[in-house]
Protein chains: 2
Amino acid sequence: MRPDLPPPVQSFILHFGEMGSRWGINRTVGQIYALLYISPRPLCADDIVEALGVSRSNVSMSLRELQSWNLVLLRHLPDDRRDFFTTPDDVWQILRTLAEGRKRREIDPTLSFLREALMEPPANPAEAHAQAKMRDMHALIEQLTGWYDDVKTLETERLATLLALGARVTKLLETKDKIVALGSSKRDGRKT
Amino acid sequence: MRPDLPPPVQSFILHFGEMGSRWGINRTVGQIYALLYISPRPLCADDIVEALGVSRSNVSMSLRELQSWNLVLLRHLPDDRRDFFTTPDDVWQILRTLAEGRKRREIDPTLSFLREALMEPPANPAEAHAQAKMRDMHALIEQLTGWYDDVKTLETERLATLLALGARVTKLLETKDKIVALGSSKRDGRKT
DNA sequence: CAGTTAGTTCAGAAACCTTTGAAATTCATA
DNA sequence: TATGAATTTCAAAGGTTTCTGAACTAACTG
(Lines give C-alpha, C1' and ligand atoms only; values in the text may rest on other atoms or scores of the structure.)
Protein backbone atom coordinates (compact mmCIF):
# COMPACT_ATOMS: atom_id res chain seq x y z
CA MET A 1 0.00 0.00 0.00
CA ARG A 2 1.16 3.52 -0.77
CA PRO A 3 2.89 4.85 2.35
CA ASP A 4 1.91 8.48 1.82
CA LEU A 5 -1.74 7.86 2.60
CA PRO A 6 -2.67 9.31 5.99
CA PRO A 7 -2.18 6.59 8.64
CA PRO A 8 -5.87 6.55 9.63
CA VAL A 9 -6.80 6.00 5.99
CA GLN A 10 -4.28 3.18 5.76
CA SER A 11 -5.75 1.38 8.73
CA PHE A 12 -9.30 1.95 7.49
CA ILE A 13 -8.36 0.28 4.22
CA LEU A 14 -6.54 -2.57 5.95
CA HIS A 15 -9.50 -3.12 8.27
CA PHE A 16 -11.92 -3.42 5.36
CA GLY A 17 -9.53 -5.81 3.67
CA GLU A 18 -9.42 -8.02 6.73
CA MET A 19 -13.18 -7.89 7.36
CA GLY A 20 -13.78 -8.75 3.73
CA SER A 21 -13.63 -12.49 4.30
CA ARG A 22 -16.30 -12.21 7.04
CA TRP A 23 -18.50 -10.21 4.72
CA GLY A 24 -18.16 -12.57 1.80
CA ILE A 25 -15.94 -10.34 -0.33
CA ASN A 26 -12.23 -10.68 -0.94
CA ARG A 27 -9.44 -8.55 0.40
CA THR A 28 -8.89 -6.45 -2.70
CA VAL A 29 -12.58 -5.77 -3.17
CA GLY A 30 -12.83 -4.68 0.46
CA GLN A 31 -9.80 -2.44 0.20
CA ILE A 32 -10.93 -0.81 -3.04
CA TYR A 33 -14.34 -0.13 -1.56
CA ALA A 34 -12.77 1.41 1.55
CA LEU A 35 -10.42 3.54 -0.54
CA LEU A 36 -13.21 4.86 -2.75
CA TYR A 37 -15.48 5.46 0.24
CA ILE A 38 -12.91 7.50 2.11
CA SER A 39 -11.40 9.30 -0.85
CA PRO A 40 -12.48 12.94 -1.21
CA ARG A 41 -12.67 12.57 -4.99
CA PRO A 42 -13.38 9.89 -7.59
CA LEU A 43 -10.39 7.70 -8.49
CA CYS A 44 -9.43 5.94 -11.67
CA ALA A 45 -8.13 2.39 -11.88
CA ASP A 46 -4.49 3.44 -11.95
CA ASP A 47 -4.96 5.60 -8.86
CA ILE A 48 -6.18 2.48 -7.12
CA VAL A 49 -3.29 0.39 -8.41
CA GLU A 50 -0.87 2.97 -7.03
CA ALA A 51 -2.68 3.48 -3.74
CA LEU A 52 -3.07 -0.21 -2.90
CA GLY A 53 -0.15 -1.79 -4.72
CA VAL A 54 -2.20 -4.51 -6.41
CA SER A 55 -2.20 -5.51 -10.05
CA ARG A 56 -4.10 -3.66 -12.72
CA SER A 57 -6.08 -6.74 -13.65
CA ASN A 58 -7.08 -7.35 -10.07
CA VAL A 59 -8.40 -3.80 -9.84
CA SER A 60 -10.31 -4.23 -13.07
CA MET A 61 -12.02 -7.41 -11.89
CA SER A 62 -12.72 -6.09 -8.41
CA LEU A 63 -14.28 -2.90 -9.76
CA ARG A 64 -16.45 -4.98 -12.01
CA GLU A 65 -17.63 -6.95 -9.00
CA LEU A 66 -18.34 -3.81 -6.96
CA GLN A 67 -20.24 -2.33 -9.87
CA SER A 68 -22.34 -5.45 -10.26
CA TRP A 69 -23.36 -5.01 -6.63
CA ASN A 70 -24.07 -1.29 -7.16
CA LEU A 71 -21.58 -0.42 -4.48
CA VAL A 72 -19.52 1.86 -6.69
CA LEU A 73 -20.55 4.37 -9.31
CA LEU A 74 -18.86 5.08 -12.60
CA ARG A 75 -18.08 8.74 -13.25
CA HIS A 76 -16.55 10.63 -16.13
CA LEU A 77 -14.60 13.84 -15.97
CA PRO A 78 -14.62 16.31 -18.86
CA ASP A 79 -11.79 15.81 -21.38
CA ASP A 80 -10.68 12.59 -19.78
CA ARG A 81 -11.68 9.27 -21.21
CA ARG A 82 -10.68 7.27 -18.15
CA ASP A 83 -13.33 5.72 -15.94
CA PHE A 84 -13.50 7.21 -12.47
CA PHE A 85 -15.17 5.55 -9.53
CA THR A 86 -16.85 6.65 -6.32
CA THR A 87 -19.15 5.18 -3.73
CA PRO A 88 -22.58 6.74 -3.20
CA ASP A 89 -21.99 9.22 -0.41
CA ASP A 90 -25.27 8.78 1.41
CA VAL A 91 -24.60 6.01 3.92
CA TRP A 92 -28.31 5.16 4.04
CA GLN A 93 -28.23 4.50 0.33
CA ILE A 94 -25.23 2.23 0.85
CA LEU A 95 -27.13 0.39 3.56
CA ARG A 96 -30.09 -0.17 1.24
CA THR A 97 -27.82 -1.51 -1.48
CA LEU A 98 -26.06 -3.86 0.93
CA ALA A 99 -29.34 -5.12 2.33
CA GLU A 100 -30.79 -5.69 -1.11
CA GLY A 101 -27.71 -7.60 -2.29
CA ARG A 102 -27.58 -9.77 0.78
CA LYS A 103 -31.23 -10.62 0.53
CA ARG A 104 -30.88 -11.52 -3.13
CA ARG A 105 -27.80 -13.67 -2.67
CA GLU A 106 -28.34 -15.18 0.77
CA ILE A 107 -32.08 -15.37 1.37
CA ASP A 108 -34.00 -15.52 -1.90
CA PRO A 109 -32.50 -18.81 -3.14
CA THR A 110 -33.46 -20.53 0.10
CA LEU A 111 -36.91 -19.00 0.04
CA SER A 112 -37.54 -20.36 -3.47
CA PHE A 113 -36.11 -23.70 -2.50
CA LEU A 114 -38.47 -23.98 0.47
CA ARG A 115 -41.45 -22.83 -1.54
CA GLU A 116 -40.81 -25.56 -4.10
CA ALA A 117 -40.22 -28.22 -1.48
CA LEU A 118 -43.49 -27.36 0.24
CA MET A 119 -45.46 -27.81 -2.98
CA GLU A 120 -44.78 -31.55 -3.10
CA PRO A 121 -47.23 -33.73 -1.20
CA PRO A 122 -45.36 -35.71 1.49
CA ALA A 123 -44.97 -39.41 0.63
CA ASN A 124 -44.71 -40.73 4.18
CA PRO A 125 -44.53 -39.58 7.83
CA ALA A 126 -40.79 -38.86 7.60
CA GLU A 127 -41.36 -36.50 4.68
CA ALA A 128 -44.29 -34.95 6.50
CA HIS A 129 -42.03 -34.19 9.44
CA ALA A 130 -39.37 -32.72 7.18
CA GLN A 131 -41.98 -30.52 5.54
CA ALA A 132 -43.24 -29.35 8.90
CA LYS A 133 -39.73 -28.16 9.80
CA MET A 134 -39.33 -26.52 6.42
CA ARG A 135 -42.69 -24.84 6.87
CA ASP A 136 -41.50 -23.28 10.15
CA MET A 137 -38.39 -21.99 8.48
CA HIS A 138 -40.31 -20.76 5.45
CA ALA A 139 -42.84 -18.92 7.60
CA LEU A 140 -40.07 -17.14 9.51
CA ILE A 141 -38.23 -16.08 6.38
CA GLU A 142 -41.45 -14.88 4.75
CA GLN A 143 -42.21 -12.79 7.80
CA LEU A 144 -38.73 -11.25 7.79
CA THR A 145 -38.61 -10.54 4.08
CA GLY A 146 -42.15 -9.21 4.20
CA TRP A 147 -41.11 -6.75 6.89
CA TYR A 148 -38.01 -5.84 4.91
CA ASP A 149 -39.93 -5.28 1.66
CA ASP A 150 -42.27 -3.04 3.56
CA VAL A 151 -39.66 -1.05 5.45
CA LYS A 152 -37.35 -0.54 2.48
CA THR A 153 -39.97 1.66 0.84
CA LEU A 154 -39.68 4.23 3.65
CA GLU A 155 -37.78 7.44 3.04
CA THR A 156 -34.65 7.79 5.07
CA GLU A 157 -36.12 10.17 7.59
CA ARG A 158 -38.98 7.85 8.46
CA LEU A 159 -36.65 4.88 8.58
CA ALA A 160 -34.48 6.79 11.05
CA THR A 161 -37.55 7.53 13.14
CA LEU A 162 -38.50 3.88 13.14
CA LEU A 163 -35.00 2.88 14.23
CA ALA A 164 -34.92 5.48 16.96
CA LEU A 165 -38.22 4.18 18.24
CA GLY A 166 -36.98 0.60 18.47
CA ALA A 167 -38.74 -1.60 20.95
CA ARG A 168 -40.89 1.27 22.18
CA VAL A 169 -43.08 0.66 19.15
CA THR A 170 -44.93 -2.06 21.00
CA LYS A 171 -45.67 0.32 23.87
CA LEU A 172 -47.10 2.66 21.33
CA LEU A 173 -49.19 -0.14 19.90
CA GLU A 174 -50.73 -0.84 23.29
CA THR A 175 -51.56 2.81 23.70
CA LYS A 176 -53.20 2.85 20.30
CA ASP A 177 -55.18 -0.29 21.14
CA LYS A 178 -56.47 1.37 24.24
CA ILE A 179 -57.50 4.44 22.32
CA VAL A 180 -59.23 2.33 19.68
CA ALA A 181 -60.93 0.25 22.37
CA LEU A 182 -62.06 3.45 24.05
CA GLY A 183 -63.37 4.83 20.78
CA SER A 184 -65.32 1.70 19.88
CA SER A 185 -66.72 1.28 23.38
CA LYS A 186 -68.00 4.85 23.16
CA ARG A 187 -69.66 4.05 19.86
CA ASP A 188 -71.11 0.57 20.32
CA GLY A 189 -70.56 -0.22 23.94
CA ARG A 190 -68.25 -3.30 23.70
CA LYS A 191 -64.54 -3.95 24.24
CA THR A 192 -62.13 -5.18 21.50
CA MET B 1 -24.85 -38.97 1.21
CA ARG B 2 -26.96 -41.86 2.46
CA PRO B 3 -29.47 -42.71 -0.28
CA ASP B 4 -32.20 -43.88 2.07
CA LEU B 5 -32.91 -40.37 3.34
CA PRO B 6 -36.21 -39.07 1.99
CA PRO B 7 -35.50 -37.18 -1.26
CA PRO B 8 -36.82 -33.84 0.09
CA VAL B 9 -34.45 -34.20 3.05
CA GLN B 10 -31.58 -34.93 0.70
CA SER B 11 -32.20 -31.81 -1.31
CA PHE B 12 -32.65 -29.72 1.83
CA ILE B 13 -29.22 -30.86 3.00
CA LEU B 14 -27.63 -30.30 -0.39
CA HIS B 15 -29.16 -26.84 -0.60
CA PHE B 16 -27.71 -25.84 2.77
CA GLY B 17 -24.36 -27.23 1.72
CA GLU B 18 -24.37 -25.10 -1.41
CA MET B 19 -25.61 -21.97 0.33
CA GLY B 20 -22.92 -22.43 2.97
CA SER B 21 -20.31 -20.55 0.99
CA ARG B 22 -22.64 -17.55 0.65
CA TRP B 23 -23.35 -17.61 4.38
CA GLY B 24 -19.69 -17.83 5.36
CA ILE B 25 -19.75 -21.44 6.50
CA ASN B 26 -18.37 -24.44 4.68
CA ARG B 27 -20.27 -27.18 2.97
CA THR B 28 -20.01 -29.78 5.70
CA VAL B 29 -21.03 -27.33 8.41
CA GLY B 30 -24.05 -26.31 6.36
CA GLN B 31 -25.05 -29.89 5.68
CA ILE B 32 -24.67 -30.96 9.30
CA TYR B 33 -26.77 -28.05 10.43
CA ALA B 34 -29.48 -28.89 7.89
CA LEU B 35 -29.44 -32.54 8.88
CA LEU B 36 -29.76 -31.78 12.59
CA TYR B 37 -32.46 -29.19 11.98
CA ILE B 38 -34.61 -31.50 9.94
CA SER B 39 -33.98 -34.67 11.92
CA PRO B 40 -36.86 -35.70 14.20
CA ARG B 41 -34.40 -36.77 16.94
CA PRO B 42 -30.90 -35.87 18.17
CA LEU B 43 -28.06 -37.50 16.26
CA CYS B 44 -24.59 -38.58 17.35
CA ALA B 45 -21.43 -37.97 15.36
CA ASP B 46 -21.47 -41.40 13.76
CA ASP B 47 -25.08 -40.95 12.64
CA ILE B 48 -23.92 -37.84 10.84
CA VAL B 49 -20.92 -39.62 9.30
CA GLU B 50 -23.29 -42.26 7.94
CA ALA B 51 -25.95 -39.85 6.79
CA LEU B 52 -23.63 -37.46 4.95
CA GLY B 53 -20.73 -39.72 4.01
CA VAL B 54 -18.02 -37.42 5.33
CA SER B 55 -15.13 -38.27 7.61
CA ARG B 56 -15.44 -38.62 11.33
CA SER B 57 -12.89 -35.88 11.96
CA ASN B 58 -14.65 -33.48 9.65
CA VAL B 59 -17.86 -34.06 11.60
CA SER B 60 -16.05 -33.49 14.86
CA MET B 61 -14.57 -30.17 13.76
CA SER B 62 -17.77 -28.97 12.13
CA LEU B 63 -19.82 -29.76 15.23
CA ARG B 64 -17.30 -27.84 17.29
CA GLU B 65 -17.77 -24.86 15.01
CA LEU B 66 -21.56 -25.07 15.18
CA GLN B 67 -21.39 -25.33 18.96
CA SER B 68 -19.14 -22.30 19.20
CA TRP B 69 -21.84 -20.39 17.37
CA ASN B 70 -24.57 -21.82 19.63
CA LEU B 71 -26.34 -23.23 16.60
CA VAL B 72 -26.43 -26.77 17.92
CA LEU B 73 -27.11 -28.14 21.36
CA LEU B 74 -25.35 -31.02 23.05
CA ARG B 75 -27.65 -33.68 24.50
CA HIS B 76 -27.10 -36.85 26.45
CA LEU B 77 -29.28 -39.93 26.48
CA PRO B 78 -29.48 -42.13 29.57
CA ASP B 79 -26.94 -44.99 29.64
CA ASP B 80 -25.14 -43.70 26.58
CA ARG B 81 -22.03 -41.64 26.88
CA ARG B 82 -22.00 -40.52 23.27
CA ASP B 83 -22.71 -36.89 22.54
CA PHE B 84 -25.97 -36.27 20.72
CA PHE B 85 -26.74 -33.06 18.91
CA THR B 86 -29.84 -31.09 17.95
CA THR B 87 -30.70 -27.60 16.84
CA PRO B 88 -32.96 -25.47 19.03
CA ASP B 89 -36.41 -26.12 17.61
CA ASP B 90 -37.83 -22.65 18.01
CA VAL B 91 -36.97 -20.90 14.75
CA TRP B 92 -37.19 -17.52 16.47
CA GLN B 93 -34.49 -18.64 18.88
CA ILE B 94 -32.37 -19.71 15.92
CA LEU B 95 -32.88 -16.31 14.35
CA ARG B 96 -31.75 -14.56 17.53
CA THR B 97 -28.64 -16.71 17.69
CA LEU B 98 -27.80 -16.07 14.05
CA ALA B 99 -28.32 -12.34 14.44
CA GLU B 100 -26.18 -12.20 17.56
CA GLY B 101 -23.37 -14.17 15.93
CA ARG B 102 -23.39 -12.07 12.80
CA LYS B 103 -23.34 -8.87 14.77
CA ARG B 104 -20.43 -10.11 16.87
CA ARG B 105 -18.37 -11.31 13.93
CA GLU B 106 -19.30 -8.85 11.19
CA ILE B 107 -20.26 -5.58 12.87
CA ASP B 108 -18.65 -5.23 16.28
CA PRO B 109 -15.03 -5.32 15.06
CA THR B 110 -15.76 -2.49 12.64
CA LEU B 111 -17.64 -0.54 15.27
CA SER B 112 -14.66 -0.74 17.66
CA PHE B 113 -12.29 0.12 14.88
CA LEU B 114 -14.26 3.24 13.99
CA ARG B 115 -14.63 4.28 17.61
CA GLU B 116 -10.87 4.08 18.06
CA ALA B 117 -10.14 5.90 14.83
CA LEU B 118 -12.47 8.73 15.83
CA MET B 119 -10.69 9.26 19.15
CA GLU B 120 -7.49 10.48 17.45
CA PRO B 121 -7.33 14.19 16.67
CA PRO B 122 -6.92 14.71 12.91
CA ALA B 123 -3.41 15.84 11.94
CA ASN B 124 -4.38 17.65 8.72
CA PRO B 125 -7.31 18.35 6.41
CA ALA B 126 -7.01 14.97 4.68
CA GLU B 127 -7.34 13.18 8.00
CA ALA B 128 -10.21 15.43 8.96
CA HIS B 129 -12.04 14.42 5.80
CA ALA B 130 -11.35 10.74 6.44
CA GLN B 131 -12.71 11.11 9.96
CA ALA B 132 -15.83 12.82 8.69
CA LYS B 133 -16.56 9.84 6.43
CA MET B 134 -15.84 7.43 9.25
CA ARG B 135 -18.12 9.44 11.50
CA ASP B 136 -21.00 9.00 9.02
CA MET B 137 -20.43 5.29 8.90
CA HIS B 138 -20.07 5.05 12.65
CA ALA B 139 -23.29 6.96 13.25
CA LEU B 140 -25.20 4.65 10.92
CA ILE B 141 -23.87 1.49 12.52
CA GLU B 142 -24.57 2.85 16.01
CA GLN B 143 -28.13 3.57 15.01
CA LEU B 144 -28.62 0.10 13.59
CA THR B 145 -27.03 -1.76 16.48
CA GLY B 146 -28.92 0.45 18.93
CA TRP B 147 -32.19 -0.56 17.27
CA TYR B 148 -31.10 -4.18 17.28
CA ASP B 149 -30.10 -4.16 20.95
CA ASP B 150 -33.45 -2.67 21.74
CA VAL B 151 -35.56 -4.99 19.62
CA LYS B 152 -33.77 -8.17 20.63
CA THR B 153 -35.11 -7.80 24.16
CA LEU B 154 -38.70 -8.21 22.91
CA GLU B 155 -40.47 -11.48 23.48
CA THR B 156 -41.22 -13.39 20.33
CA GLU B 157 -44.88 -12.46 20.21
CA ARG B 158 -44.18 -8.74 20.35
CA LEU B 159 -41.40 -9.08 17.84
CA ALA B 160 -43.82 -10.82 15.48
CA THR B 161 -46.31 -7.98 15.98
CA LEU B 162 -43.64 -5.44 15.17
CA LEU B 163 -42.68 -7.32 12.00
CA ALA B 164 -46.29 -7.65 10.92
CA LEU B 165 -46.71 -3.94 11.37
CA GLY B 166 -43.72 -3.09 9.19
CA ALA B 167 -43.76 0.33 7.58
CA ARG B 168 -47.22 1.03 8.97
CA VAL B 169 -45.47 1.93 12.21
CA THR B 170 -44.78 5.39 10.90
CA LYS B 171 -48.47 5.87 10.03
CA LEU B 172 -49.23 4.88 13.57
CA LEU B 173 -46.74 7.41 14.80
CA GLU B 174 -48.46 10.17 12.88
CA THR B 175 -51.81 9.13 14.31
CA LYS B 176 -50.37 9.20 17.78
CA ASP B 177 -48.85 12.63 17.14
CA LYS B 178 -52.23 13.91 16.09
CA ILE B 179 -53.86 12.51 19.16
CA VAL B 180 -51.20 14.02 21.37
CA ALA B 181 -51.50 17.31 19.50
CA LEU B 182 -55.24 17.18 19.91
CA GLY B 183 -54.88 16.43 23.59
CA SER B 184 -52.46 19.28 24.17
CA SER B 185 -54.45 21.71 22.04
CA LYS B 186 -57.48 20.88 24.16
CA ARG B 187 -55.44 21.61 27.26
CA ASP B 188 -53.39 24.64 26.26
CA GLY B 189 -54.87 25.75 22.98
CA ARG B 190 -51.83 25.43 20.58
CA LYS B 191 -50.77 23.12 17.79
CA THR B 192 -47.52 20.99 17.87
C1' DC C 1 -2.26 4.45 -40.09
C1' DA C 2 1.14 3.82 -36.28
C1' DG C 3 1.48 4.81 -31.64
C1' DT C 4 -0.55 5.45 -27.20
C1' DT C 5 -3.72 4.92 -23.55
C1' DA C 6 -7.62 2.59 -21.17
C1' DG C 7 -9.73 -1.35 -20.08
C1' DT C 8 -10.53 -6.58 -20.21
C1' DT C 9 -9.56 -11.47 -20.32
C1' DC C 10 -7.38 -15.53 -19.04
C1' DA C 11 -3.93 -19.30 -17.86
C1' DG C 12 -1.24 -20.39 -14.34
C1' DA C 13 1.17 -19.29 -9.74
C1' DA C 14 0.40 -18.41 -5.04
C1' DA C 15 -2.37 -18.32 -1.11
C1' DC C 16 -5.95 -20.15 1.36
C1' DC C 17 -9.53 -23.41 2.99
C1' DT C 18 -11.49 -28.07 3.48
C1' DT C 19 -11.24 -32.79 4.22
C1' DT C 20 -9.09 -36.92 5.39
C1' DG C 21 -6.71 -40.89 7.86
C1' DA C 22 -3.86 -41.95 11.41
C1' DA C 23 -2.27 -41.08 15.86
C1' DA C 24 -3.28 -39.14 20.34
C1' DT C 25 -6.35 -38.21 24.14
C1' DT C 26 -10.13 -38.82 27.28
C1' DC C 27 -12.78 -41.29 30.25
C1' DA C 28 -16.02 -44.82 32.07
C1' DT C 29 -15.68 -49.50 33.36
C1' DA C 30 -13.78 -54.00 34.32
C1' DT D 1 -4.39 -49.94 35.95
C1' DA D 2 -5.68 -52.08 31.60
C1' DT D 3 -9.35 -51.99 28.07
C1' DG D 4 -11.95 -50.05 24.65
C1' DA D 5 -15.31 -46.78 22.92
C1' DA D 6 -15.87 -41.88 21.93
C1' DT D 7 -13.81 -37.99 20.56
C1' DT D 8 -10.12 -34.72 19.22
C1' DT D 9 -5.96 -33.28 16.98
C1' DC D 10 -2.94 -32.68 13.21
C1' DA D 11 -0.05 -33.16 9.01
C1' DA D 12 -0.76 -33.56 4.56
C1' DA D 13 -3.70 -34.27 0.31
C1' DG D 14 -7.11 -32.21 -2.31
C1' DG D 15 -9.79 -28.43 -3.70
C1' DT D 16 -11.05 -23.57 -4.32
C1' DT D 17 -10.20 -18.74 -4.57
C1' DT D 18 -7.33 -14.88 -5.39
C1' DC D 19 -3.93 -12.52 -7.78
C1' DT D 20 -0.71 -11.61 -11.37
C1' DG D 21 1.53 -10.78 -15.92
C1' DA D 22 1.01 -11.15 -20.56
C1' DA D 23 -1.76 -10.95 -24.36
C1' DC D 24 -5.77 -8.91 -26.14
C1' DT D 25 -9.54 -5.34 -27.80
C1' DA D 26 -11.15 -0.72 -28.29
C1' DA D 27 -10.78 4.02 -28.70
C1' DC D 28 -8.37 8.14 -29.16
C1' DT D 29 -4.29 11.15 -31.20
C1' DG D 30 -0.89 12.93 -34.14
Under 4.0 angstrom, heavy atoms only, what part of the nucleic acid is [X] near: base, sugar-phosphate, or nothing?
X: B/Arg82; value: sugar-phosphate
X: B/Arg56; value: base
X: B/Asp46; value: nothing

Can you tell me how far [atom2] of [N] sits from [atom1] of [X], to the nearest Å?
X: A/Ile48; N: C/dA6; atom1: CD1; atom2: P; value: 14 Å
X: A/Leu63; N: C/dT9; atom1: CG; atom2: C1'; value: 15 Å
X: A/Asn58; N: C/dT8; atom1: CG; atom2: P; value: 13 Å
X: A/Asp83; N: D/dA26; atom1: CG; atom2: P; value: 16 Å
X: A/Asp80; N: C/dG7; atom1: CG; atom2: C1'; value: 13 Å
X: B/His76; N: C/dA28; atom1: NE2; atom2: P; value: 10 Å
X: B/Phe85; N: D/dT8; atom1: CZ; atom2: C1'; value: 12 Å
X: A/Met61; N: D/dA22; atom1: CE; atom2: C1'; value: 13 Å

Would a single hydrophobic cluster contain both B/Leu98 and B/Trp92, if residues Ile, Leu, Val, Met, Phe, Trp and Tyr are joined by side-chain heavy-atom contacts under 4.5 Å? yes

Hey, quick one: are B/Leu73 and B/Ile38 part of the same hydrophobic cluster, counting side-chain heavy atoms closer than 4.5 Å, chains of contacts allowed? no

Would you say the base of [N] and the side-chain of [X] have a donor-acceptor pair closer than 3.5 Å?
X: B/Arg64; N: D/dT8; result: no
X: A/Ser60; N: C/dG7; result: no
X: B/Ser55; N: C/dG21; result: no

Please check if the side chain of A/Ser39 supplies one atom and the backbone of A/Leu36 the other of a donor-acceptor pair under 3.5 Å. no

Here the residues of residues 10-43 of chain A within 4.0 Å heavy-atom distance, strictly under, of DNA chain D are A/Asn26, A/Arg27, A/Thr28

Identify, between B/Gly53 and A/Gln67, the residue whose nearest nucleotide on DNA chain C lies closer to the 5' end. A/Gln67

With salt bridge (Lys or Arg N to Asp or Glu O under 4.0 Å) as the criterion, how do A/Arg22 and B/Glu106 come out once you've worked through the C-alpha distance, each side chain's angles and the decisive distance to 0.1 Å? CA-CA 6 Å; A/Arg22 306 197 191 186; B/Glu106 303 183 5; over 6 Å; no

How are the rings of A/Tyr37 and A/Tyr33 set to each other: parallel, tilted or perpendicular (split at 30° and 60°)? parallel

Is the ring pair A/His15/B/Phe113 parallel, tilted or perpendicular, if the boundaries are 30 and 60 degrees? parallel

Look at the side chain of B/Ser57 and decide which nucleotide, out of D/dC10, D/dT7, C/dA28, has an atom nearest to it. D/dC10

Side chain to side chain contact (heavy atoms under 4.5 Å, CB included), that's the test. Do B/Leu111 and B/His138 meet it? Break it down for me. CA-CA 7 Å; B/Leu111 200 50; B/His138 180 262; 3.8 Å; yes

